[in-house]
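Report on the following structure.
Keep in mind that what you see is a predicted model, and the values were worked out from it rather than measured. For the single chain, residues carry numbers from 1 onward in sequence order.
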Amino acid sequence: MEEIRDEEAQNETIQNEAAGSETTSAEETSDQGTASNQSSGTANTDSVKDEKAEKKPEEADAMKADTAKEDPTSGESEKKGFFSKKKKEKDKRDQQIEELTDRVQRQMAEFDNFRKRSEKEKSAMFEVGAKSVLEKILPTVDNFERGFANLSEEQKQDAFAQGMEKVYRQLLTALEGMGVKPIEAVGQPFDPNFHNAVMHVEDEEAGENVVVEEFQKGYMYRDNVLRHSMVKVAN
């Protein structure tokens, strides 16, 4: 009986070990299936990522197109660029206009300076010509004065003498109208700018360096000396 029991116990032990080995193999099989599922899942994930990566440029272009359609500012930026070009062209035109305006103003200023310089030269030439003509007329005036100085009172009442005196007065009026005036000399302090001293005299009654006599009358033409007065000066 004991032998039979021992055999049964051994049989049970063998059966238990066989069952455990089957369980272990089943667990290993399940683990392998899980690993294979995980590997297949990662593979699928990688393929999905690759597809997404391939789709990204196309989707980005599509999104840009959509945003361009939806965003009106893109058209405004293009308009701004167009107007900025126009502004640049306008700036160039304004610069050219400013340069031409400056050039015209400079030429007008140069012409104005030339006109003023020409007028000044003409007036100077006229002054020189008039002065030379007047200098030639003055001796005639001197002759009239010398002739009248030598006439007696009776001769001055003669009709011819009175007619010559009228001609003399008319000549003086014409010279005065042209700007010719006599220089005051007698009784005035001697001034070398207007007087030409040809004689000196000792005169206690007259002041020092004073003109006491005029031999030839001097004349001014406007602001210039036409002829110096020929005078006698007291020391």
How far apart are the C-alpha atoms of Glu213 and Val186, what are their side-chain angles, what is the distance that settles it, and do they pass the side-chain contact (heavy atoms from CB on, under 4.5 Å) test? CA-CA 6 Å; Glu213 188 178 354; Val186 179; 5.8 Å; no
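- The residues Arg227 and Asp142 are annotated as salt-bridged, a charged nitrogen and a carboxylate oxygen being separated by less than 4.0 angstrom.
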Worked check of side-chain contact (heavy atoms from CB on, under 4.5 Å) between His195 and Val211: CA-CA 9 Å; His195 306 138; Val211 177; 4.0 Å; yes
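- Within a 6.0 Å sphere centred on CD of Glu208, heavy atoms belonging to other residues, nucleotides or ligands number 12 at most.
- Gln105 CD to Glu98 CD: the interatomic distance, rounded to the nearest 0.5 Å, is 10.5 Å.
- You'll find the side chain of Leu171 reaches within 4.5 Å of the side chain of Ile137, heavy atoms only.
- With sequence neighbours excluded, no residue forms a salt bridge (charged side-chain N to carboxylate O under 4.0 Å, His left out) with Glu135.
- In this structure, the separation between NE2 on His200 and CG on Asn209 is 8.5 Å, given to the nearest 0.5 Å.
- In this structure, CD on Gln188 lies 11.5 Å from CD1 on Ile183, to the nearest 0.5 angstrom.
- Applying the 6.0 Å contact sphere to CD of Glu154 captures no more than 12 heavy atoms from other residues, nucleotides or ligands.
- You'll find the side chain of Val233 stays beyond 4.5 Å of the side chain of Met199, heavy atoms only.
- Contact annotation: the side chain of Val201 approaches that of Val212 to within less than 4.5 Å [non-hydrogen atoms, C-beta and beyond].
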Test Lys156 against Glu165 for salt bridge (Lys or Arg N to Asp or Glu O under 4.0 Å), laying out the working first. CA-CA 9 Å; Lys156 288 180 181 178; Glu165 186 177 0; over 6 Å; no
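- Considering every non-hydrogen atom in both Gln155 and Asn150, the closest pair reads OE1-O, 4.1 Å.
- Here Arg106 pairs with Asp102 under the salt bridge (charged side-chain N to carboxylate O under 4.0 Å, His left out) rule; sequence neighbours left out.
- The two residues Ser229 and Gly218 make their nearest non-hydrogen contact at OG-N, 3.1 Å.
- Residues Leu226 and Val133 share a single hydrophobic cluster, defined by chaining ILVMFWY side chains whose heavy atoms lie under 4.5 Å apart.
- Using a 4.0 Å cut-off between a side-chain N of Lys or Arg and a carboxylate O of Asp or Glu, Glu214 and Lys232 do not qualify as a salt bridge.
- Leu100 and Phe111 are members of different hydrophobic clusters when ILVMFWY side chains are connected at heavy-atom separations under 4.5 Å.
- Under the 4.5 Å side-chain contact rule for hydrophobic residues, Leu138 and Met164 share a cluster.
- Between the CD atom of Glu110 and the CZ atom of Arg117 there is a distance of 9.5 Å, given to the nearest 0.5 Å.
- The two residues Lys217 and Pro182 have their closest heavy-atom pair at CD-CB, 3.7 Å.
- Side-chain atoms of Phe215 and Val231, non-hydrogen and from C-beta on, never get closer than 4.5 Å to each other.
- One hydrophobic cluster, built from ILVMFWY side chains closer than 4.5 Å, holds both Leu134 and Phe126.
- Between Phe148 and Tyr168, the ring-plane angle classifies as perpendicular under the 30° and 60° cut-offs.
- Of the inter-residue distances, the one linking Tyr219 atom OH with His228 atom NE2 reads 15.0 Å to the nearest 0.5 angstrom.
- Glu145 contributes atom CD, which lies 11.5 Å from atom OG1 of Thr140 (distance to the nearest 0.5 angstrom).
- Side chains of Met178 and Leu175 form a contact here, defined as non-hydrogen atoms less than 4.5 Å apart.
- Under the rule for a side chain to side chain contact (heavy atoms under 4.5 Å, CB included), Lys181 has no partner lying at least two apart in sequence or in another chain.
- In the displayed structure, Gln170 atom CD is contacted under 6.0 Å by at most 12 heavy atoms of other residues, nucleotides or ligands.
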Before you tell me yes or no, could you show the steps for Arg103 and Glu99 under salt bridge (Lys or Arg N to Asp or Glu O under 4.0 Å), namely the whole-Å CA-CA distance, both residues' side-chain angles and the distance that decides it to 0.1 Å? CA-CA 6 Å; Arg103 187 181 299 175; Glu99 290 177 357; 5.6 Å; no
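- Between Arg115 and Asp112 the shortest side-chain heavy-atom distance falls below 4.5 Å.
- For the pair Val141/Phe144, no side-chain contact is recorded, criterion being any heavy-atom separation below 4.5 Å from C-beta on.
- With hydrogens and angles disregarded, no donor-acceptor distance shorter than 3.5 Å links the side chain of Asn196 to the backbone of Pro192.
- Taken together through direct or relayed side-chain contacts under 4.5 Å among Ile, Leu, Val, Met, Phe, Trp and Tyr, Leu172 and Val180 form part of one hydrophobic cluster.
- Taking the side chain as every heavy atom from C-beta outward, Asn193 and Val225 never approach each other to under 4.5 Å.
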